[in-house]
Amino acid sequence: MTVTDIPSAVESLLACESNRVSRSRITEEWDGLDLATAYTVQSELVAAKVARQGDAIIGTKLGLTSAAKQQRMGISSPLTAVLLKSYVLKQGALLPLDRLIQPRVEPELVFTMKTKLQGPGVTTEDVLDAIDKVYAGFEVIDSRYHDYSFALPDVVADNASSALFIVGEVGVDAADIDLINEHVAISMNGEFVYEATGEAVQGNPAYALALAVNELAERGQFVDAGEVVLTGGMTDAVPIGPGDTISAVFSHLGTLSVTATS
Ligand code: OOG
Ligand code: MG
């Protein structure tokens, strides 16, 4: 399918996801895919999943908020995407490789929101006041582009490679955690892979959310009370294959572990 407009971009990305195949960059065949148009593709793709698959919007995700992620992807601006109900993977459930193309796992700090945040002018303090609880999370990303090769509009259109996410069981009040110094160490099949602190996420994950909310306001959007927010991979993402187990030990938010199907 040649992609030259918003509807064909939506159908192509949805087909890649359901047929478990990746594609080349849309920006290679459609010059008109600028960032604003890419965000429209993203919302139309989400709307199609809600309308056709009975999915529901449950939150917001920030992407490319750490240097580790920006360097790996070769893109230096953060982005936002939409979290859907179908992305939720229960703790203890196997990671279903039969639904995915090329999954990678990344540790994130996750917020649930007590009050609505609407820009412009939202500050880090406003974000801290609006958070209900802070949790540890794993995001499972799964780009619909060959080998995660994309420009910023491509990945925005693809709802930022979203596939699944897991939220930990330990929820802490924002006032009771030092987000900047919260540490995570991840290991794959028992071997240490990466470590980071919350500082990796734009200096402070609450500041990252303030920036994102102010950018959302330019598109007439906001983060609502009751939403879940993924603040972005703290480390580079780790590819996961059959039977692999990835674990994350957070300093105050507990331990997360997920095993892929064989
Ligand atoms: C894009 C998704 C970015 C994050 O946490 O930075 C993201 C990608 O890396 O494919 O989820
Ligand atoms: Mg992520």
Side-chain angles (χ1 to χ4, degrees), residues 13 16-17 22-27 33 35 38-39 41-42 45-46 58-84 87-89 95 100-111 134-168 179 182 184 186 193-194 196-209 211-212 215-216 223 227-240 246 248 250 253 256 258:
L13 289 166
C16 285
E17 185 182 338
S22 56
R23 54 156 297 140
S24 56
R25 299 172 180 217
I26 294 177
T27 48
L33 186 64
L35 190 57
Y39 275 108
V41 173
Q42 186 192 98
L45 182 140
V46 164
I58 58 165
T60 301
K61 107 171 201 185
L62 318 187
L64 309 183
T65 48
S66 67
K69 290 287 305 179
Q70 292 187 353
Q71 278 158 18
R72 167 70 63 183
M73 300 304 158
I75 293 175
S76 57
S77 14
L79 50 77
T80 64
V82 180
L83 293 176
L84 291 164
Y87 297 162
V88 174
L89 187 67
L95 178 64
L100 302 166
I101 308 165
Q102 45 186 348
R104 297 180 181 177
V105 183
E106 54 195 22
E108 306 211 8
L109 291 164
V110 181
F111 304 153
V134 179
Y135 297 86
F138 259 150
E139 183 178 19
V140 181
I141 51 173
D142 193 30
S143 178
R144 268 61 65 171
Y145 299 105
H146 303 320
D147 300 321
Y148 285 77
S149 169
F150 43 66
L152 181 59
D154 297 295
V155 63
V156 165
D158 187 28
N159 202 25
S161 314
S162 299
L164 294 167
F165 69 93
I166 302 163
V167 178
L179 286 171
E182 180 64 13
V184 67
I186 57 175
V193 196
Y194 297 127
T197 61
E199 189 174 14
V201 179
Q202 290 181 293
N204 179 345
Y207 173 64
L209 180 54
L211 290 178
E215 197 196 296
L216 283 170
V223 170
E227 281 195 27
V228 51
V229 175
L230 297 189
T231 59
M234 301 164 75
T235 68
D236 192 3
V238 184
I240 186 162
I246 186 165
F250 284 78
L253 295 172
L256 281 177
V258 65

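Just so we're clear, the structure is a prediction, and the values are computed from it rather than from any experiment. Atoms within a ligand are numbered from 1 in the order they appear, just like the ligands themselves.
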(Q) Run V155 and S143 through side chain to side chain contact (heavy atoms under 4.5 Å, CB included) and show every step you take. (A) CA-CA 8 Å; V155 63; S143 178; over 6 Å; no
(Q) From the N, O or S atoms in E108, identify the one nearest to the Mg ion (ligand 2). (A) OE2
**Q.** Proximal heteroatom of E139 relative to the Mg ion (ligand 2) (N/O/S)
**A.** OE1
**Q.** Steps toward side chain to side chain contact (heavy atoms under 4.5 Å, CB included) verdict (I75, F150)
**A.** CA-CA 9 Å; I75 293 175; F150 43 66; 3.8 Å; yes
Q.
Name the residue from I186, L95, V110, L164 that meets the side chain to side chain contact (heavy atoms under 4.5 Å, CB included) definition with F138.
A. I186
**Q.** Pairs touching residues 196-205 that satisfy side-chain hydrogen bond (donor to acceptor under 3.5 Å, both in side chains), sequence neighbours left out
**A.** none
Q: Identify, by name, the N, O or S atom of E106 lying closest to the Mg ion (ligand 2).
A: OE2
Q: To the nearest 0.5 Å, tell me how far I101 CD1 sits from D142 CG.
A: 4.5 Å
Q) So which residues, sorted by chain and number, lie with a heavy atom under 4.0 Å of ligand 1? A) K61, L62, G63, L64, K69, M73, E106, E108, E139, I141, Y148, F150, V155, A160, S161, G232, G233
Q.
Taking T80's backbone N and O only, do any of them form a donor-acceptor pair with Q42's side chain (distance below 3.5 Å, no angle check)?
A. yes
Q: Mark yes or no for whether D158, through its side chain, and R144, through its backbone, hold a donor-acceptor pair below 3.5 Å.
A: yes
